[in-house]
Amino acid sequence: GTYIEAVYINKGIALVGVGSNSTTITATGLGFTNTVTFSGIATNNASISGFRITGAIGDEESLIGLGIYCTNGSPTITNNTISGNYCGIGFDSSSPIIFNNTIIGNGGYGIISYNFSFPTINHNTITGNGYGICCSYYSSPSITNNTISRNDDGIFCEDFSSPTITNNTISNNGYGIYCENSSSPTITNNIITENGTTSTDYYGIYNTNDGDTPIIDYNCVWRNGSGGNNNYYGCSGGLGSISADPQFIGGGNFHLGSSSPCIDKGSNTAPGIPLTDKDGNPRIINGIVDIRAYEFQGTPTIPTLTITT
């Protein structure tokens, strides 16, 4: 069914829908509000799953207009579709678990992590929003196993934030990752490709150099910017970095073909590597982790050289 209301939760309860195609919570017609709010430390044991969450209007400056808003609480948010809000999910001094959600078509941020928040953002599909993920004001989320695509920008890091960005696929956004104002992300085992193809102003990883100290190792950063050569600005790839076609299957499918150069090319010591990939399969196969959100489960094809005379 469809429930038209602004839900406010201040205790450790579980909200369970039957699935995002069947159960909707919407704030449509309720004015400037958040659709679902978790408030206070009592919500650390709260959870929400199985809903479509939509209809919130507002602005990010006041953290109003969010599909889900967490303030001083850390609930578990799983298996929802968050769409059609001003912003998708926002945190203020909170550390929720955001797992296996589809965050799509929100006008501002897909996710905004703000003010000493330390969320775990894992296994999500984040597409078609303003910013995919914004990390702001001493916020340090763990961002792993997500596909982040077709947003105005992929991941935006600012104001002393220090996210850990590991084993994601970041493709077809404006900027792939943007760093400013003393942000210090750790960026490892990601595919960052074909972002900003409409403008020479866009880059795969852009560092404004105003106190930013990104750590960038074992990524595949390829064909960013309209000319295909804007992979890095104000920074460079470190250990194990490659720039090559990752060989997506295509058609919006970010799984890789068997001859992808990203297979078995990551770092097993990257921070935040989970036990499984975005599909729920074992994360490390053949002894070395892949660069990307999905781990290749078969035997990679070894290129061969044919010599003719």
Side-chain angles (χ1 to χ4, degrees), residues 1-40 42-114 117 119-134 141 143 146-152 278:
T2 298
Y3 303 89
I4 302 173
E5 57 184 305
V7 177
Y8 185 87
I9 300 166
N10 60 3
K11 59 185 69 175
I13 64 173
L15 271 66
V16 182
V18 298
S20 60
N21 292 327
S22 302
T23 315
T24 297
I25 304 172
T26 178
T28 300
L30 301 181
F32 276 37
T33 188
N34 300 311
T35 305
V36 178
T37 298
F38 291 93
S39 180
T43 65
N44 289 357
N45 295 319
S47 63
I48 186 168
S49 64
F51 291 91
R52 179 173 178 259
I53 299 168
T54 188
I57 60 173
D59 65 86
E60 72 268 17
E61 296 300 325
S62 56
L63 291 177
I64 295 292
L66 294 133
I68 300 177
Y69 175 51
C70 306
T71 177
N72 297 302
S74 301
T76 299
I77 300 167
T78 60
N79 301 317
N80 303 284
T81 296
I82 299 113
S83 66
N85 305 283
Y86 184 77
C87 294
I89 307 176
F91 327 119
D92 183 359
S93 303
S94 300
S95 301
I97 295 171
I98 313 301
F99 185 88
N100 200 38
N101 300 279
T102 298
I103 302 162
I104 181 171
N106 299 285
Y109 303 111
I111 296 175
I112 178 168
S113 181
Y114 178 77
S117 290
T120 299
I121 303 170
N122 199 337
H123 285 71
N124 302 284
T125 299
I126 303 167
T127 187
N129 305 284
Y131 296 102
I133 300 174
C134 177
I143 303 170
N146 303 284
T147 57
I148 303 169
S149 66
R150 303 188 185 283
N151 305 285
D152 290 351
K278 192 174 186 301

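Quick caveat: nothing in here was measured; it's all calculated off a predicted structure.
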Looking at every non-hydrogen atom in both residues, tell me the closest pair between [X] and [Y] and how far apart they are.
| X | Y | result |
| --- | --- | --- |
| G17 | F51 | N-CE1, 3.1 Å |
| T125 | K278 | OG1-NZ, 3.0 Å |
| V7 | I25 | CG2-CG2, 3.9 Å |
| A56 | N85 | N-OD1, 3.0 Å |
| G73 | S94 | O-CB, 2.8 Å |
| N10 | A42 | O-CB, 3.4 Å |

Any donor and acceptor pair, going by atom type alone, linking the side chain of [X] with main-chain N or O of [Y] inside 3.5 Å?
| X | Y | value |
| --- | --- | --- |
| T26 | T28 | yes |
| N151 | G130 | no |
| S117 | S93 | yes |
| N106 | I82 | yes |
| N146 | N124 | yes |
| T24 | T2 | no |

Does the side chain to side chain contact (heavy atoms under 4.5 Å, CB included) test come out yes or no for I112 and L66, once each step is laid out?
-> CA-CA 10 Å; I112 178 168; L66 294 133; 4.1 Å; yes
Should the heavy atoms of other residues, nucleotides or ligands under 6.0 Å from CD1 of I13 be counted, would the total exceed 12?
-> yes
Interatomic spacing from [atom1] in [X] to [atom2] in [Y] - rounded to 0.5 Å:
| X | Y | atom1 | atom2 | result |
| --- | --- | --- | --- | --- |
| L30 | T35 | CG | OG1 | 8.0 Å |
| I121 | S113 | CD1 | OG | 6.0 Å |
| T23 | Y3 | OG1 | OH | 6.5 Å |
| N100 | N79 | CG | CG | 4.5 Å |
| I111 | C87 | CD1 | SG | 11.0 Å |
| N72 | T43 | CG | OG1 | 8.5 Å |

Flag side-chain contact, heavy atom, 4.5 Å: [X] against [Y]:
| X | Y | value |
| --- | --- | --- |
| Y69 | D92 | yes |
| I68 | I89 | yes |
| I97 | N122 | no |

Give me the ring orientation class for F99 and H123: parallel if the planes are under 30° apart, tilted from 30 to 60°, perpendicular past 60°.
-> tilted
Full working for side chain to side chain contact (heavy atoms under 4.5 Å, CB included) between I9 and V36 = CA-CA 8 Å; I9 300 166; V36 178; 4.2 Å; yes
Have a look at I148 and tell me which of N129, T127, I126 forms a side chain to side chain contact (heavy atoms under 4.5 Å, CB included) with it.
-> I126
